[in-house]
Number of protein chains: 2
Amino acid sequence: MSKSSVSKLVPKVPSVGGSRRAAYSASTKRALIDVAQTLFTDQGYAATSLDQIVAGARVTKGALYHHFSGKQALFEAVFERVESDSAQSVKKALRGHRDPWDKARAGLRAHLEVVQEARYRRIVIQEGPAVLGYERYREQEERSTFANVLDIVQSVLAAGKWELDEDMQQTFARIFFGAMSSAGEAVSGSEDPIAAAVRVETAIGFILAGFQILVENDVQLPNALAD
Amino acid sequence: MSKSSVSKLVPKVPSVGGSRRAAYSASTKRALIDVAQTLFTDQGYAATSLDQIVAGARVTKGALYHHFSGKQALFEAVFERVESDSAQSVKKALRGHRDPWDKARAGLRAHLEVVQEARYRRIVIQEGPAVLGYERYREQEERSTFANVLDIVQSVLAAGKWELDEDMQQTFARIFFGAMSSAGEAVSGSEDPIAAAVRVETAIGFILAGFQILVENDVQLPNALAD
DNA sequence: GCACTCACATACCGTGAGTACGTACCGAGA
DNA sequence: TCTCGGTACGTACTCACGGTATGTGAGTGC
């Protein structure tokens, strides 16, 4: 232990534009988020102490509380980053697809990839709701991962001749979002993730197929559960 | 405040069978779980102190640590009870349905009811994964709520002429489970839960309809995402 | 070069989970 | 009925950890 290897005291942050101090400051903030992300992912939020984090970042609590208002705020920074990265990676996979059904399948695949990452599972799925509270958690998801799903669903719905209002589109998106998330669990929780992924893709592909038939034949929405 | 109304020092637990002492013991244990459930639901796990709990149950920490190995174990007891109650209520709604599609719709409705309860949302959905850890959390869901969904899915699948292995059934069940859970969020998170519930039932009803067409026409599973 | 402030470091406090130990009371046996 | 053992707690304490108040020295603008 000890602050052995003083690897780099020089900040990675490009100093262009800001002052020297600002660059160093941004560097330590970044270091705090980096270390926190690692520890939160490995040990969870509650099991990670601020002392561990500041030790890992080779600073003290003073520095931490200078940059963040507390432990939860630090977690939130980590959360936002992980969420943002994941959403970006899915978004990237969506580009270049003209056919909405292809787009949907590509999105599913990308999502299944993301949900296998330890940091996403731990920080976003597992700890996110409890630490941030459900409200803030949903706000975040709303404008990142969920936005992607909504995009997909709207593409698919636009393929049909339906007229669905915003609320209904949201509802469909929510449902597919849940299905995909849960599918992700089935994959990442399996002892044979590859086989599980194939099963998931088959199952969802099948559901999409049923959906596609209805949409393309312009079948009207049933008053499904009317007695 | 204060231990004002000494409402009942007599345990509610039926003393038949056990000794007097055992009855009192079970009573305090029950009181601890009751109070803990209320406080965890209202304030969350982290924000609830053991002092609050034991004060509410009019005992001391000695009693708590006699019955439970710690805070987490107490939460687990609460969790199991809430989960069990919820699963029972859904299970009850499933009985008496011969048509699997009716059964599915009834299950959906019951699930939407459950997911609106504050205690279920807070303890099971929000705090469960973080406090118990994902493994234990899934174990619990596996043999309660998820078991219901699996039951429904198997009924529906049995309506077709398909031959699906156990893994594939599980996969379908997982996906529908996720869809229903997320649908529940859409309902309970909405500012107009009734309208949201109608939308959800419509949307899922529609998806079920697509599914139904495929199943009843014995459409084979596609190699959905094969390139 | 001088004041000022930003980016931390240090020392401290309060709270809350967990523990060690004491004790009263019930129930079984003599 | 008396003892005796163990259960079911109560009491007092420790220690870890999140948070805060305050000091300080290196930039930075004037």
Side-chain angles (χ1 to χ4, degrees), chain A residues 2-3 6 9-13 15-33 35-36 39-40 43-78 127 130-132, chain B residues 3 6 9-11 13 15-33 35-36 39-40 43-78 127 130-132:
Chain A
S2 79
K3 17 203 99 168
V6 182
L9 294 173
V10 181
K12 305 179 195 172
V13 175
S15 39
V16 283
S19 68
R20 184 185 213 79
R21 269 183 40 155
Y24 277 99
S25 174
S27 171
T28 65
K29 181 171 185 177
R30 193 187 134 90
L32 282 168
I33 298 180
V35 174
L39 291 177
F40 285 154
Q43 311 174 354
Y45 180 79
T48 301
S49 71
L50 294 185
D51 287 335
Q52 285 182 61
I53 295 175
V54 298
R58 300 204 312 281
V59 290
T60 62
K61 289 168 83 170
L64 195 156
Y65 275 89
H66 177 73
H67 287 289
F68 303 97
S69 63
K71 191 183 185 185
Q72 181 169 332
L74 176 56
F75 177 86
E76 202 158 334
V78 173
E127 309 262 30
V131 177
L132 297 183
Chain B
K3 17 204 101 167
V6 182
L9 294 173
V10 180
V13 175
S15 38
V16 282
S19 68
R20 185 184 214 78
R21 255 167 74 111
Y24 276 99
S25 174
S27 171
T28 65
K29 181 170 185 176
R30 192 187 134 89
L32 282 169
I33 298 180
V35 174
L39 292 176
F40 285 156
Q43 311 174 355
Y45 179 78
T48 302
S49 71
L50 294 185
D51 287 335
Q52 285 183 63
I53 295 175
V54 297
R58 300 202 314 278
V59 291
T60 62
K61 288 169 82 170
L64 195 155
Y65 276 91
H66 176 73
H67 287 288
F68 304 95
S69 63
K71 191 182 183 184
Q72 181 169 333
L74 176 55
F75 177 86
E76 202 158 335
V78 173
E127 308 263 29
V131 177
L132 297 182

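Reminder, nothing fancy here: chain letters follow the sequence lines and each chain counts from 1. Only this structure's heavy atoms are used, side chains among them; waters, hydrogens and symmetry mates stay out. Note that the structure is a prediction, hence the values are computed from the model and not measured.
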Any residue meeting ring-ring contact (aromatic ring centres under 6.0 Å, His included) with A:Tyr65, in chain and number order, not counting sequence neighbours: none
Any A:His67 side-chain N or O less than 4.0 Å from OP1/OP2 of C:dA7: no
Nucleotides 23-30 of chain C: protein proximity per nucleotide (B base, S sugar-phosphate only, - neither; heavy atom, under 4.0 Å): --BSS---
Measure CD/A:Gln43 against P/D:dC17 and give the value in whole Å, please. 10 Å
Sequence-distant partners of B:Phe75, ring-ring contact (aromatic ring centres under 6.0 Å, His included), two or more places apart: B:Phe40, B:Tyr45
If only side-chain N and O atoms of A:His66 are considered, is one of them under 4.0 Å from the OP1 or OP2 phosphate oxygen of C:dC8? no
For A:Thr28, give me all partners under side chain to side chain donor-acceptor pair (under 3.5 Å), at least two apart in sequence or on another chain. A:His67
Measure the distance from CZ on B:Arg30 to P on D:dA8 and round it to the nearest whole Å. 18 Å
Please name all residues satisfying side chain to side chain contact (heavy atoms under 4.5 Å, CB included) with A:Val35, sequence neighbours left out, ordered by chain then number. A:Leu39, A:Ile53, A:Ala57
Which residues pass the side chain to side chain donor-acceptor pair (under 3.5 Å) test with A:Gln43, sequence neighbours left out? A:Thr48, A:Gln52
With a 4.5 Å cut-off on side-chain heavy atoms, are A:Val78 and A:Ile33 touching? yes
Can you measure A:Phe68 atom CZ to D:dG19 atom C1' for me and round it to whole angstrom units? 16 Å
Applying side chain to side chain contact (heavy atoms under 4.5 Å, CB included), name anything that partners A:Ala63, two or more places apart in sequence or on another chain. A:Val59
Using a 4.0 Å cut-off on protein heavy atoms (strictly under), produce a 5'-to-3' string for nucleotides 14-21 of chain C with B for base contact, S for backbone-only sugar-phosphate contact, and - for none. --SBBB--
Name all pairs fulfilling the salt bridge (Lys or Arg N to Asp or Glu O under 4.0 Å) condition that reach into residues 67-76 of chain B, sequence neighbours left out, sorted by first residue then second. B:Glu76-B:Arg136
Would you kindly give the CD1-to-C1' distance between A:Ile53 and D:dC17, to the nearest whole Å? 12 Å
Classify A:Ser25 by what it touches in the nucleic acid, base, sugar-phosphate, or nothing, heavy-atom distance under 4.0 Å. sugar-phosphate
